[in-house]
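Notes follow once the structure below has been shown.
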Protein chains: 2
Amino acid sequence: MSVQSVDRALDILEALADQGGEAGLSEIAARTGLPYGTIHRLLQTLLNRGYVRQESDRRYALGGSLVRVGGVAEGMVGGWAEPYLTKMVELSGETANMAVLEGDFVVYVAQVPSPRRLRMFAEVGRRVLPHSTAVGKVLLADRADAAAVFGRTGLPRRTEHTITSVERMLAELAAVRECGYAMDLGEEELGVHCLAVPVSDGDRVVAGMSVSGPAERIDALDRDELARGLRKIADDFGAEAFGSGR
Amino acid sequence: MSVQSVDRALDILEALADQGGEAGLSEIAARTGLPYGTIHRLLQTLLNRGYVRQESDRRYALGGSLVRVGGVAEGMVGGWAEPYLTKMVELSGETANMAVLEGDFVVYVAQVPSPRRLRMFAEVGRRVLPHSTAVGKVLLADRADAAAVFGRTGLPRRTEHTITSVERMLAELAAVRECGYAMDLGEEELGVHCLAVPVSDGDRVVAGMSVSGPAERIDALDRDELARGLRKIADDFGAEAFGSGR
DNA sequence: AGTGGTTTTCCATATTATGGAAAGGGATGC
DNA sequence: GCATCCCTTTCCATAATATGGAAAACCACT
């Protein structure tokens, strides 16, 4: 039903992404379990098309052709998310956002604003560091290399509530994994609180969705109940947009 | 030397991207020249992995899995661009940027700042609309659906110099195609001028590189000569990062 | 120079993808 | 409400295509 060689080529691309975009042939072999000869041949093909690039030290890296295709895809996904974000707005009364991780940044790719007078607005396209946002936390909670990300970006203080210690942050991420949602209590912007839930493709967290609003309004909601509702919506979206088969 | 089915799968992905991220099976067939049965089977595979999604009207669209992989690739490309951007800084004395189109936005993916005291700074990660920037113009000049983009985004006035009419903008894009570079004369920010050149994968424009600085300094340079120099650098980079084979 | 760990190439084999043609769906017009 | 047209999906016999083990080449250390 599926074309084997294409499936395997995608495995290789994903293995490369998992390793941060760069890996040697044997690392790919370890991760995918495919025989060397096969991987090498598949890599040649991806190389010819610019989907993979070979560094001077013979290691392989994700290539430029993916940027264009990925960019177009990102626009699509943002569009599909809107009905789901709308449900989140209905459920919470607050502005809903979707964001993905791009390199070490959180990028907002879609938004549906709250109907209220006082509301969060126009985040689409914004790039922020993950440590001070609720979506950032759900996105990193799933990644084994979260500590490495903090090593590169640091945890700059944005407000008096920002978590600036790596240990405390890792503990926070553990808590997020535990309860399945993340909060931002004025850590990015004073007076703004958010609750974020993960969007999964059934295997890994690929995006986050959140609602954000004035601290008092968010705090007035029942977190666990709200989180349950949002998770449901996010799961539906994940299944629709990313799921399919596997 | 290359795995046929993988090659074809990539053709399909690219055909989809060419059509703005969405197409019917027969449109893909028209574009790629592949037989229906083959395309369908390949699409099934991509569907199973979330690289393609099927809309309710049975059309196909680029899928969510590309977002993650594309995001990682984007980080890589930004890194490789730096030596080339450095050359641009040496040539022009001004800050150099690289940007790509993501959905309808221009996203800056890499920067090398000018050594001067007064300089442009820290644009990486910023997302702006294409109409008011030089890179945006070179990126759109290559796209047949530029008018559709403006339909969605509008051409909001950023300064008194911003081009806000679609006709004038399309004329500008034609001029850009003609001379091979684009200018921004304070259209995004007063007093800031830029000159941008396209980065091509040998077939299509995939990114833009630009230098930006204070109006007086940029205006003092010989545009055509500078553009020639920048093009050379951009071409080298395009060949290295996106080219390879085909 | 020697050694260990890679990456790359090769080639006979049968597994795997191929594509033409026919069946199935949906929409549009009469 | 029915027929028509166009687009999508399925099928299957064929051979072209991808496979993967093993050997060779390469590189980086020491």
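Chain letters run A, B, ... following the sequence lines, proteins first and then strands; every chain starts at 1.
- With no hydrogens or angles considered, no side-chain donor-acceptor pair links A:Asn97 and A:Ser210 at under 3.5 Å.
- In this structure, the CG atom of B:Leu43 is 15 Å from the P atom of C:dA17, given to the nearest Å.
- Counting any heavy atom pair closer than 4.0 Å across all strands shown, A:Arg8 reaches sugar-phosphate atoms only and no base atom.
- Taking atom CD of A:Gln44 as the reference point, atom C1' of D:dT19 lies 16 Å away to the nearest angstrom.
- The shortest distance between the side-chain N/O atoms of B:Tyr60 and the OP1/OP2 oxygens of D:dT9 is below 4.0 Å.
- Nearest nucleotide to the side chain of B:Arg41, out of C:dT8, C:dT18, D:dT9: C:dT18.
- Smallest separation of non-hydrogen atoms from B:Val77 and A:Gly64: CG2-CA, 3.7 Å.
- Atom P of nucleotide C:dA21 and atom CD1 of B:Ile39 are separated by 16 Å, given to the nearest angstrom.
- Within the 3.5 Å criterion, the main-chain N or O of A:Asp7 finds a donor-acceptor partner in the side chain of B:Arg49.
- For the contact set between residues 18-35 of chain B and DNA chain C, defined by any heavy atom under 4.0 Å, the members are B:Pro35.
- Side-chain atoms of B:Gln4 lie closest to D:dT17 of the nucleotides D:dT17, D:dT9, C:dG19.
- Between the C1' atom of D:dG21 and the OH atom of A:Tyr36 lies a distance of 13 Å, rounded to the nearest Å.
- Atom pair A:His40:NE2 and D:dA23:P shows a separation of 18 Å (rounding to whole Å applied).
- Phosphate contact (OP1/OP2 of D:dT19, side-chain N/O of A:Thr38, threshold under 4.0 Å): absent.
- Across all strands, A:Ser5 comes closer than 4.0 Å only to sugar-phosphate atoms, never to a base (heavy-atom distances).
- Rounded to an integer number of Å, the gap from CG of B:Asp7 to C1' of D:dA18 is 13 Å.
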